[in-house]
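The sequence lines fix the lettering, A, B, ..., with proteins before strands; numbering per chain opens at 1.
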Amino acid sequence: MAGFSSFSIFFQVFINGIFLGCMYGVAAIGLSLIFGSMQIIFIAQGAVMILAAYCIYWMVTLTSIDPFFGFFVILPIFLVFGWAIYKGLFQRVAKAGKNPSLLLAFGLMVLFEHLMSLIWTPNTRSVTTSYSTSAFGLWNINISITRLIVSIVALIATGFVFLFLKKTMLGKAVRGVSEDMRTAALLGISPSWISSVTFAIGIALAGVAGVATCITYAFDPYFGFLFSLKALIAVAFGGLGSVAGALLGGITLGVLESLSSYIISAGWADAVAYAAFLLILVLRPEGLLGRRSAERT
Amino acid sequence: MVDHLLQVKNVDIFYGDAQAVWDVSFYVDKKKIIALLGANGAGKSTLLNTISSVNQPRRGEIIFSEKSLVKLKPEEVVAVGISHVPEGRRLFSRLTVLENLELGAYPKNTRPYLKESLDRAFNLFPILKVRKNQSAGTLSGGEQQMVAIARALMARPILLMLDEPSLGLAPLFVSRLFETIQAMNEEGMTILLVEQNVHQALEIANYAYVLQTGTLKMEGQGEELINNSDFQQAFLGMMG
């Protein structure tokens with residue numbers, strides 16, 4: 001790093017944090033959507049991400065198709081996958097209350113982790129391409145091309161979800177159900193249909209985050225749990241039920257981790273992230289951008 | 001009374017093991033305003049929720065236009081032509097007024113009329129057009145009640161059920177609200193009105209049923225009830 005001024009190093013770290021944060025953000029949006037319709041933290045979100053990462057790892061090693069093509073493969077498959085998980089498992093279990101659903105999510109996480117370690121061994125994997133290490137310089141900082149593209153994909157995915165929720169009747173119904181399921185039903189909106197839609201989108205977003213992860217980071221079957229936690233923290237930062245908030249929460253978290261591993265040391269990044277999480281919960285439980293929930297009469 | 005639009009016949013309703021409604025029967029006729037009166041806990045809201053299939057009756061029948069509602073899901077009841085404005089309005093407070101209204105037209109058979117229904121809603125409550133891009137949670141109580149009613153009308157119902165629409169509203173708003181209900185009725189809307197505001201409800205209702213702790217105590221036209229001494233003792237005295 002000789003020759004870099006400390007300011008450009010700082011800036012470099014900052015940019016890396018944003019790239020990392022975009023991935024947290026996408027996973028967080030999925031988590032937040034599922035929470036909206038089912039009122040549970042879908043703890044298996046990270047495991048689903050890593051499952052997507054392994055699928056792409058397979059695709060690349062077996063067929064040498066470019067990993068970026070994986071976004072187009074994973075998106076439809078994981079939409080259907082999410083739909084099937086809801087219809088086959090959660091729809092029934094949700095009737096018994098939140099706790100059974102939470103246990104089911106936990107069970108799914110353990111199942112996915114062990115299946116992945118059976119199929120792909122617990123060794124760390126990564127997906128490399130001829131251009132994995134390419135970067136271009138901009139004002140004395142290195143910008144990794146893969147990370148840049150991955151972040152742009154993450155932003156585009158976020159944009160689509162945002163537009164879906166704001167502009168379509170189905171998206172508005174998703175927001176309505178997340179606020180008041182019973183009233184939504186009185187208006188003719190079927191809560192179980194809406195839950196299946198949000199589950200499908202949430203899982204598809206986990207898939208997108210997984211593809212992004214495998215292109216930019218090394219991973220193993222148990223890496224996902226950490227991602228679930230990080231996505232949860234991102235949601236807490238941004239405030240539940242806000243897409244933009246979840247993305248910004250993810251980016252804030254990414255930057256925070258990146259800066260603390262540069263300023264203090266890498267081992268402290270998680271500690272700082274969790275400390276910030278606790279602080280937010282104590283001082284601003286509605287999130288940095290969240291509104292205090294409106295009074296109901 | 002031949003033309004029954006809605007028939008509630010001998011229903012028993014339970015919450016878990018606790019019975020809330022005992023053997024209640026009543027009828028709602030086309031283009032009438034029917035009031036369900038009674039104190040808190042008399043079972044009025046429970047009955048509306050059962051018509052909407054939020055609760056299931058343990059015994060009895062609920063028939064709307066010759067179709068049984070008992071096995072339907074809440075989201076299917078709207079499609080047969082019954083809109084329910086729940087107690088406390090229950091708007092989606094984070095959604096805008098316009099989005100709340102749009103969701104009112106969510107059922108497939110009403111979506112093609114979205115524009116027309118919106119125009120009608122804004123005609124009925126012009127202030128909502130001004131407020132349409134505000135989130136519903138920021139409105140005053142009276143405006144929120146307007147949104148709740150307008151949202152229910154977006155589904156183009158045959159029967160509109162209003163649960164305590166005057167609750168928590170300023171007196172001026174209350175009389176305007178009752179005028180609006182009457183105006184909607186004059187345009188052909190059948191209305192089932194649950195109210196604690198007995199006087200004003202009886203003024204506009206064609207017929208009223210009085211509930212007390214889950215059983216039907218009396219019924220009759222407004223004048224009859226107001227002049228009935230049992231009724232006076234039970235309600236008017238208490239209500240001042």
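Within a 6.0 Å sphere centred on CZ of B:R59, heavy atoms belonging to other residues, nucleotides or ligands number more than 12. Atom OH of B:Y113 has 12 or fewer neighbouring heavy atoms from other residues, nucleotides or ligands inside a 6.0 Å radius. Annotation for B:K31: atom NZ does not count as buried by contact number, only 12 or fewer foreign heavy atoms lying within 6.0 Å. The environment of CZ in B:F14 is crowded: more than 12 heavy-atom neighbours from other residues, nucleotides or ligands sit within 6.0 Å. Shown here is A:F277, whose CZ atom has more than 12 heavy atoms of other residues, nucleotides or ligands within 6.0 Å. The number of heavy-atom neighbours closer than 6.0 Å to OH of A:Y274, taken from other residues, nucleotides and ligands shown, is above 12. For A:F72, the CZ atom is loosely surrounded, since the number of other residues' heavy atoms within 6.0 Å does not exceed 12.
For B:V54, the part lying near chain A is the side chain, with the backbone staying farther off; criterion is any non-hydrogen pair under 4.5 Å.
Counting heavy atoms from C-beta outward, B:F92 and A:V177 have side chains that stay 4.5 Å or more apart. A heavy-atom distance below 4.5 Å is found between the side chains of A:T183 and B:R151. With a 4.5 Å cut-off on side-chain heavy atoms, A:L187 and B:V78 do not count as touching.
A pairwise comparison of heavy atoms in A:L186 and B:S52 identifies CD2-CB, 3.6 Å as the closest pair. Shortest non-hydrogen contact noted between B:P107 and A:G188 is CG-CA, 4.4 Å.
Counting heavy-atom pairs under 4.5 Å between each of B:P74, B:A136, B:G141, B:S53 and chain A puts B:P74 at the top. Chain A forms more heavy-atom pairs under 4.5 Å with one residue of B:V77, B:N49, B:L95, B:I82 than with any other, namely B:L95.
Of the possible donor and acceptor atoms, none in the side chain of B:E75 sits under 3.5 Å from a partner among the backbone N and O of A:P191. For A:E179 (side chain) and B:R94 (main-chain N/O), a donor-acceptor pair under 3.5 Å exists by modelled atom type.
Between the CG atom of B:N100 and the NZ atom of A:K172 there is a distance of 11.0 Å, given to the nearest 0.5 Å. With rounding to the nearest 0.5 angstrom, the CG atom of A:D180 is 4.0 Å from the CZ atom of B:R90. Atom-to-atom distance recorded for B:Y106:OH and A:L170:CG is 5.5 Å, nearest 0.5 angstrom.
Between A:R175 and B:E99 there is a salt bridge, since a side-chain N of the basic residue sits under 4.0 Å from a carboxylate O of the acidic one.
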